[in-house]
Amino acid sequence: MKIFSKKGAASSFALAILITAFIWLVENSFVFLSKIVLPENPFFYWWQAVVVLFVAFTVSVLVEKYSLKVVFPRALVFLAIWLVASVLAAQILDTSLLFILILFTVIITMIVVQMKTLWLIDSVLTEKLVVLASTGHLLEGQSADFRIESGLRLLESVLPLSEAIVFRYTEDGELKPVGRARGDKSLDSAVERQSSWRENINLCEAALSRRQTVAQTTEGDSGAASVALPLIYEDVACGVLFVKINQNFERGDQYLLESFSGQLARNFRRKEMRERSLPHESWWSSFSSYSAENRLDIISLIHGIIKEQSFGAMASSYLKEAHAIAYLDGTLAYINKQMRHHAKLQAHEVYEIDLFGLLERFKTDVFSEPHLAIRRVLQTSDTFQSELYFPKSNKTLDMQISLVKVPLDDASIHETNVPMMPACFLITFRDVSAVKENEKLRSDMASLMSHELRTPVTSISGFAELLLLDETISEENREFLAIISSESQRLSKMLSTFLSVSNLEQSDKQEFSKTTVKLDTVVHEVIGELQDNAKRKRIRLIEQANHHLPPIAADKSLITRAVSHLIDNAIRYSPERTSIIISTMLESDFLRVVVEDRGYGIAPAEQEKIWQKFYRVARDGQDKEEESTGLGLSLVKEIVEQHGGAVQVQSEVGNGSKFSFTLPRL
């Protein structure tokens with residue numbers, strides 16, 4: 001009602017004039033009544049018209065502003081008081097207060113205003129139904145005719161069809177073929193085709209009249225059959241599906257055909273509804289029975305669309321992953337059975353819990369404040385991802401919280417490059433316990449092999465160094481021993497780094513010795529330690545520190561190692577007489593460390609691969625000293641991600657690289 005309360009006084013005044021004219025006619029038509037009410041003044045004078053106009057206008061404004069429900073009891077009180085006053089005036093003063101006219105004016109005004117309001121509401125409702133039906137059309141994908149063709153192709157692929165025909169039931173009561181598929185391409189005579197067509201039509205008419213499936217099986221062991229299925233949707237017949245099967249017709253095939261015919265019936269009804277004229281095209285549509293039927297059809301259309309869209313939610317219950325959908329206000333829209341299982345929700349709890357209540361059931365030492373994760377997703381629109389380990393059940397869940405966006409206006413959800421706005425949250429949990437167990441076994445095997453290799457490598461290095469102390473060895477043999485010593489030391493370093501990565505992969509964040517760490521202090525200390533290495537290559541290390549950074553909770557030794565690897569790599573792969581810029585900065589909820597060099601650069605195709613173990617970028621003319629184990633960046637990535645951060649690289653071949661990582665602030 002409120003949306004129509006601001007129409008202004010103009011419409012109320014116009015209604016008052018119309019009502020006054022109507023009262024004028026009533027007054028002059030009922031002479032007898034006029035003599036009783038106004039015995040001395042049988043005519044309707046101008047001042048009486050003014051009184052009636054004023055009352056009609058006042059009642060009209062009040063009904064539009066406060067609604068009939070509020071005004072009606074007060075109007076009855078007013079009329080009762082007016083009746084008492086009229087009786088007293090007639091008996092004592094011999095004066096008429098026009099009670100009958102005022103009574104008619106009040107009642108008719110309330111009826112007319114209420115009818116106008118109902119008409120406006122009906123018009124807006126109809127318009128919104130039309131818009132909603134059109135919006136649903138954006139979700140359907142292809143047209144009804146295209147869906148007939150695709151459906152017939154599906155039947156051809158799963159059934160041994162000889163022929164399939166889709167008939168549409170026209171308004172004239174005739175069956176019109178709108179789709180056909182023939183599995184048997186042999187040419188029959190014209191007489192045989194005509195006879196077969198008549199039989200098919202008779203079978204379809206029988207199915208339509210009985211409103212049920214009619215199947216005729218042929219004699220013999222082949223199992224051939226002719227089946228006619230009426231296309232009925234909401235008790236309205238809109239066509240027939242005729243199918244002729246070559247062999248092996250079974251009851252399960254009939255069930256498949258009946259399901260398919262139900263889908264065809266929905267498609268036909270939608271097409272028929274959209275071909276009708278819209279019910280809001282004229283002002284009198286609210287009083288038209290045809291338009292009212294169209295409105296009912298639109299509601300039926302919307303119901304069918306909503307029902308089909310619900311299939312998507314039902315389908316998610318068959319997925320292995322746990323899914324939940326929550327609106328932006330935190331209300332849960334949908335939870336599949338896997339999510340109910342992981343959250344240990346009873347049936348009655350599903351309707352009582354909200355988004356934060358659901359996430360509270362998955363709290364760990366790592367994921368201790370769900371509201372911060374939701375806040376981060378809303379601020380950045382990036383997916384929040386984390387692995388949650390539950391010691392009691394020895395289960396590891398991979399969690400993702402995503403912000404779902406939908407197109408603005410009436411754009412289809414399948415459109416791209418259109419403005420998008422946030423609509424809801426999608427929460428997904430995937431059980432990765434088996435994957436983590438396999439990774440642990442593989443990592444344990446690698447660690448065991450690495451430990452076993454370290455002993456002979458250390459022995460080789462030690463004996464090589466001892467032999468180098470022997471002055472009787474020739475220069476040629478001494479050169480060979482130096483190579484053996486250098487390569488064994490490099491192999492030992494590779495094994496140590498590999499063991500560090502393996503140990504990190506096996507550990508969880510709660511096992512770190514986390515303390516309050518000043519990131520700018522760590523960067524400053526690492527730069528001081530690596531100054532000598534940089535000076536040997538005549539490389540200048542430039543520190544751009546932000547001394548107002550908030551602290552972070554981290555393992556200082558691991559963060560120091562990550563920063564050291566990035567700066568050491570920049571020194572190793574930068575030409576002489578260049579500079580390296582190391583920056584620390586604050587970004588919303590993160591702290592960032594950036595190491596920018598003027599080195600060789602990395603091709604775009606290799607920028608994602610460099611974080612993998614043992615991957616090394618091949619370069620022409622690379623010095624032996626510049627060769628790496630391919631584990632340094634992998635270790636950096638593992639350290640940063642274990643602390644809840646992320647790594648990033650920006651590089652261009654020949655113009656240097658910019659490595660950076662982020663860590664969450666306290």
Side-chain angles (χ1 to χ4, degrees), residues 139 306 308-408 413-414 420-437 439 508-510 588-590 640-646 662 664-665:
L139 302 174
I306 293 174
E308 281 198 355
Q309 294 306 308
S310 68
F311 295 164
M314 293 294 296
S316 69
S317 64
Y318 291 87
L319 299 175
K320 293 182 179 180
E321 294 84 4
H323 294 286
I325 299 173
Y327 299 118
L328 295 181
D329 60 1
T331 307
L332 288 175
Y334 174 73
I335 300 178
N336 70 349
K337 63 181 181 181
Q338 287 79 4
M339 181 65 78
R340 295 197 299 269
H341 171 72
H342 285 310
K344 299 178 182 179
L345 288 171
Q346 300 297 327
H348 66 278
E349 294 177 314
V350 173
Y351 304 100
E352 301 172 357
I353 198 169
D354 61 0
L355 172 61
F356 293 103
L358 177 67
L359 295 179
E360 286 285 335
R361 293 175 174 258
F362 296 94
K363 285 180 65 174
T364 63
D365 293 338
V366 175
F367 186 62
S368 59
E369 297 181 338
H371 66 278
L372 292 181
I374 298 297
R375 174 187 172 189
R376 188 176 303 169
V377 171
L378 283 172
Q379 287 178 340
T380 64
S381 298
D382 296 332
T383 298
F384 178 86
Q385 187 169 3
S386 180
E387 285 187 358
L388 311 181
Y389 177 67
F390 302 92
K392 291 184 179 180
S393 59
N394 193 26
K395 183 181 294 184
T396 303
L397 299 179
D398 178 63
M399 178 187 67
Q400 288 186 351
I401 303 177
S402 304
L403 185 64
V404 180
K405 296 184 177 182
V406 297
L408 294 172
I413 61 173
H414 307 295
M420 308 285 281
M421 65 177 297
C424 60
F425 295 101
L426 172 64
I427 300 92
T428 304
F429 286 95
R430 185 166 58 94
D431 191 345
V432 294
S433 303
V435 175
K436 286 296 176 182
E437 187 65 25
E439 289 180 355
D508 289 326
K509 298 176 196 176
Q510 59 265 31
S588 62
D589 294 335
F590 295 92
V640 172
E641 290 183 348
Q642 291 281 32
H643 283 79
T662 57
R665 59 184 292 184

If you look at every heavy atom in [X] and [Y], which pair is closest and at what distance?
{"X": "P664", "Y": "G645", "result": "CD-N, 4.2 Å"}
{"X": "A326", "Y": "L332", "result": "CB-CD2, 3.8 Å"}
{"X": "L358", "Y": "A343", "result": "CD1-CB, 3.7 Å"}
{"X": "I401", "Y": "V377", "result": "O-CG2, 3.7 Å"}

Checklist entry - Does CZ in R375 sit with more than 12 non-hydrogen atoms of other residues, nucleotides or ligands closer than 6.0 Å? => result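 No - once you tally the heavy atoms of other residues, nucleotides and ligands closer than 6.0 Å, there are 12 at most.
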Next on the checklist: Within a 6.0 Å radius of atom CZ on F390, are there more than 12 heavy atoms belonging to other residues, nucleotides or ligands?
Outcome noted: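 Above 12, so yes.
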Next on the checklist: For F384, is there any backbone N or O sitting under 3.5 Å from a side-chain donor or acceptor partner on R376?
Outcome noted: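 Pair absent, no side-chain N/O of R376 close to backbone of F384.
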Checklist entry - Is S433 reaching over with its side chain to a backbone N or O of T396, donor-acceptor style, under 3.5 angstrom? => result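 Such a contact is found between S433 side chain and T396 backbone.
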Item to check | Test ring-ring contact (aromatic ring centres under 6.0 Å, His included) applied to F429 - qualifying residues, sequence neighbours left out | outcome: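 ring-ring contact (aromatic ring centres under 6.0 Å, His included) list for F429, sorted by chain: F362.
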Checklist entry - So, do H342 and L397 sit near enough that their side-chain heavy atoms are less than 4.5 Å apart? => result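 H342 vs L397: side chains touch.
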Item to check | Test side chain to side chain contact (heavy atoms under 4.5 Å, CB included) applied to L355 and I427, L328, T331, the passing residue | outcome: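 Only match with L355 under side chain to side chain contact (heavy atoms under 4.5 Å, CB included): I427.
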Would you mind writing out the side-chain donor-acceptor pairs for residues 344-353 within the sub-3.5 Å range, not counting sequence neighbours?
from : atom 1 : to   : atom 2 : distance (Å)
E349 : OE1    : Q346 : N      : 2.8

Checklist entry - So, T383 and S402: side-chain donor and acceptor under 3.5 Å apart, yes or no? => result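 S402 and T383 do have a side-chain donor-acceptor pair below 3.5 Å.
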